[in-house]
There are 2 protein chains.
Amino acid sequence: MDESQLLKGILEGCILSIIAKGETYGYEILSQLEEDGFEGLGEGTLYPVLTRLDKKGYILCRKAKSPLGPIRKYYSITENGKENLEKFKEVYKKMTQKADKILFCNDLNEEKGGDGIC
Amino acid sequence: MDESQLLKGILEGCILSIIAKGETYGYEILSQLEEDGFEGLGEGTLYPVLTRLDKKGYILCRKAKSPLGPIRKYYSITENGKENLEKFKEVYKKMTQKADKILFCNDLNEEKGGDGIC
DNA sequence: CACAACTACTTGACATAACAAAGTAGATGT
DNA sequence: ACATCTACTTTGTTATGTCAAGTAGTTGTG
């Protein structure tokens with residue numbers, strides 16, 4: 001059961017969502033993700049996502065000095081990125097609703113979040 | 001926004017869950033998934049998953065004639081598979097809870113399912 | 001001043017899984 | 001004979017997360 005496969009696609013949306021809440025930089029995103037329960041994510045996982053989001057035009061990049069280390073790259077979301085984030089949320093919501101139904105609506109009255117999905 | 005990436009990992013769990021509900025075969029699983037909202041899944045997507053689940057020992061395979069076509073391969077879940085399915089559900093639940101929090105708990109009181117995630 | 005420790009980003013090689021497209025083949029009906 | 005539906009296989013492509021290693025600026029300790 002490879003957890004990393006489940007992350008695919010989700011991670012990019014989560015990172016875009018974090019940037020949407022305010023300008024931030026890689027290292028901070030990493031600690032934010034850690035705080036949110038996504039532990040053990042390496043830098044080699046995060047930075048390629050940022051590059052990708054930038055290439056797609058979903059975020060803007062601005063370089064600025066750090067008060068305690070090498071140069072930071074600050075990212076902020078673009079209009080294009082905001083639109084994409086909303087689309088992503090819709091797709092994510094639909095996808096998980098479908099999966100929830102198959103996974104948690106068996107013969108028995110199993111439940112996922114406490115609300116009645118079934 | 002590539003939907004197929006979001007499917008990764010989820011699909012395997014869903015298919016295992018469908019098999020857990022009773023012995024079935026590929027073509028039937030495909031129509032079941034379609035019924036559950038996973039439309040447009042090709043055979044080239046489904047069958048490799050079944051092979052994988054079989055290799056991992058999560059399902060058993062039995063060949064039998066079809067009343068209306070070529071031979072079918074009937075699959076049923078193993079004890080090992082049942083255990084794995086439960087583990088998968090846990091991992092899936094945790095993962096989506098984390099993602100839900102990041103995606104739907106912004107400054108505004110957005111909501112996902114109607115229950116208070118935030 | 002040398003060195004460790006923390007911050008911060010980069011790069012390259014790799015594994016996994018979904019997907020498209022094409023193929024093989026049995027059964028049925030016209 | 002031919003189309004159609006059922007049913008499974010195979011091959012190559014692509015996207016994305018992951019590991020490992022590297023580069024580099026800043027601060028504090030001995």
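Each chain gets a letter, A, B and so on, in the order the sequences are listed, and its residues count up from 1.
Where A/Pro70 and A/Gly9 meet DNA chain D, the nucleotide closest to each residue was compared, and A/Gly9 sits on the side nearer the 5' end. With DNA chain D read from its 5' end, the first of the two nearest nucleotides for B/Tyr25 and B/Gly44 is the one closest to B/Tyr25. Each of A/Tyr75 and B/Lys65 lies near DNA chain C, and the nucleotide nearest A/Tyr75 is the one positioned closer to the 5' end.
Using a 4.0 Å heavy-atom criterion, one finds that A/Thr45 contacts the bases of the nucleic acid, with or without backbone contacts as well. Using a 4.0 Å heavy-atom criterion, one finds that A/Leu30 contacts no nucleic acid atom at all. Here B/Lys73 lies in heavy-atom contact (under 4.0 Å) with sugar-phosphate atoms only.
In the interface, the side chain of B/Lys8 is not paired with the base of C/dT16 through any donor and acceptor atom under 3.5 Å apart.
Taking atom CD on B/Glu28 and atom P on D/dC8, their separation rounds to 10 Å, with Å as the unit. For B/Ile71 and D/dT9, the CD1 to P distance is 11 Å, given to the nearest whole Å. In this structure, CG of A/Leu6 is placed 13 Å from C1' of D/dT16, rounded to the nearest angstrom. To the nearest angstrom, P of D/dT9 lies 12 Å from NZ of B/Lys55. Rounded to whole Å, the distance from CG on B/Leu50 to P on D/dT10 is 13 Å. Spacing between atom CZ of A/Arg72 and atom P of C/dC6 amounts to 17 Å, rounded to whole angstrom units. Computed from coordinates, the B/Leu46 CG to D/dT6 C1' distance equals 14 Å when rounded to whole Å. With rounding to whole Å, A/Glu43 atom CD is found 11 Å from D/dA21 atom C1'.
Across D/dT6, C/dC9, C/dA18, the shortest atom-to-atom separation from the side chain of B/Leu68 is found for D/dT6. Among D/dA7, D/dT16, C/dA8, the nucleotide with an atom closest to any side-chain atom of A/Glu12 is D/dT16. Picking from C/dC19, D/dT9, D/dT18 the nucleotide with the shortest atom distance to the side chain of A/Leu41 gives D/dT18.
By the 4.5 Å heavy-atom criterion applied to side chains, B/Arg52 and B/Lys55 are not counted as neighbours. Counting only heavy atoms from C-beta outward, the side chains of B/Lys94 and A/Leu6 never approach each other to under 4.5 Å. Looking at A/Glu43 and A/Leu30, their side chains come closer than 4.5 Å, going by heavy atoms from C-beta outward.
For the residue pair B/Asn84 and B/Tyr58, a side-chain donor N or O sits within less than 3.5 Å of a side-chain acceptor on the partner. In the model, B/Ser4 has a side-chain atom that pairs as donor or acceptor with a side-chain atom of B/Asp2 under 3.5 Å.
Contact annotation: A/Ser66 side-chain N/O to C/dA8 OP1/OP2 distance is under 4.0 Å. For B/Arg52 and C/dA18, the shortest distance from a side-chain N or O to OP1 or OP2 is below 4.0 Å. Distances shown here put every side-chain N or O of A/Ser4 at or beyond 4.0 Å from the OP1 or OP2 atom of D/dG17. Phosphate contact (OP1/OP2 of C/dT10, side-chain N/O of A/Tyr47, threshold under 4.0 Å): absent.
Aromatic ring pairs are classed by plane angle as parallel below 30°, tilted from 30° to 60° and perpendicular above 60°; the pair A/Tyr74 and A/Tyr25 is perpendicular.
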